[in-house]
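In this chain, residues are counted from 1 in sequence order.
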Amino acid sequence: MLQPRIPVNPLPTGKPIPRDHPAPTPAADIEPTSPASTPAPAPVPVVPARTTVQLTPGSALALAAGGGAVVLVVGTVLVSMLLAVAITGVSVAVCAVVLKSLINQERKH
């Protein structure tokens, strides 16, 4: 039930690859070509190296201030959500106590 499913044809060749024999096609099916008729491979484009980000003291200070502001905002939101849950819980508890006292008062009279 929890066994992985192996795709029958993981390569887009158009020919299904059997599960028992995942070896490529034998070398007899490949047609040899002469070196003179083979075109030269296309040149590979050179990818420029990644540039490093250099922070000036002003940008580092701005980044630190921005990070601090984000921490303060997220902290404020989380604390306000915690307070909202706490206030809701206390109000539900007070309502339960009032309802219990009203029900007990009705039973006595």
Side-chain angles (χ1 to χ4, degrees):
M1 180 176 137
L2 298 174
Q3 294 178 351
R5 296 177 186 245
I6 301 171
V8 177
N9 188 5
L11 301 173
T13 58
K15 297 178 184 177
I17 299 173
R19 289 185 184 185
D20 297 336
H21 306 288
T25 57
D29 293 343
I30 301 172
E31 296 179 16
T33 57
S34 64
S37 65
T38 315
V44 178
V46 177
V47 179
R50 293 187 179 184
T51 59
T52 58
V53 177
Q54 296 179 356
L55 294 175
T56 62
S59 62
L61 184 63
L63 187 63
V70 168
V71 167
L72 287 176
V73 168
V74 170
T76 303
V77 169
L78 291 178
V79 168
S80 65
M81 289 173 64
L82 179 65
L83 284 174
V85 169
I87 291 170
T88 304
V90 169
S91 66
V92 168
V94 169
C95 289
V97 169
V98 169
L99 285 175
K100 185 176 181 181
S101 67
L102 288 175
I103 291 172
N104 285 340
Q105 192 177 20
E106 285 291 324
R107 287 184 185 167
K108 289 180 181 178
H109 293 295

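- Chaining together hydrophobic side chains whose heavy atoms lie under 4.5 Å apart places Leu78 alongside Val70, Val74.
- Atom-to-atom distance recorded for Ser101:OG and Glu106:CD is 10.5 Å, nearest 0.5 angstrom.
- In this structure, OG1 in Thr56 is found 10.5 Å from CG in Leu63, a value given to the nearest 0.5 Å.
- For the pair Val97/Lys100, no side-chain contact is recorded, criterion being any heavy-atom separation below 4.5 Å from C-beta on.
- Among residues two or more places apart in sequence or in another chain, the side chain to side chain contact (heavy atoms under 4.5 Å, CB included) test is passed with Leu83 by Val79.
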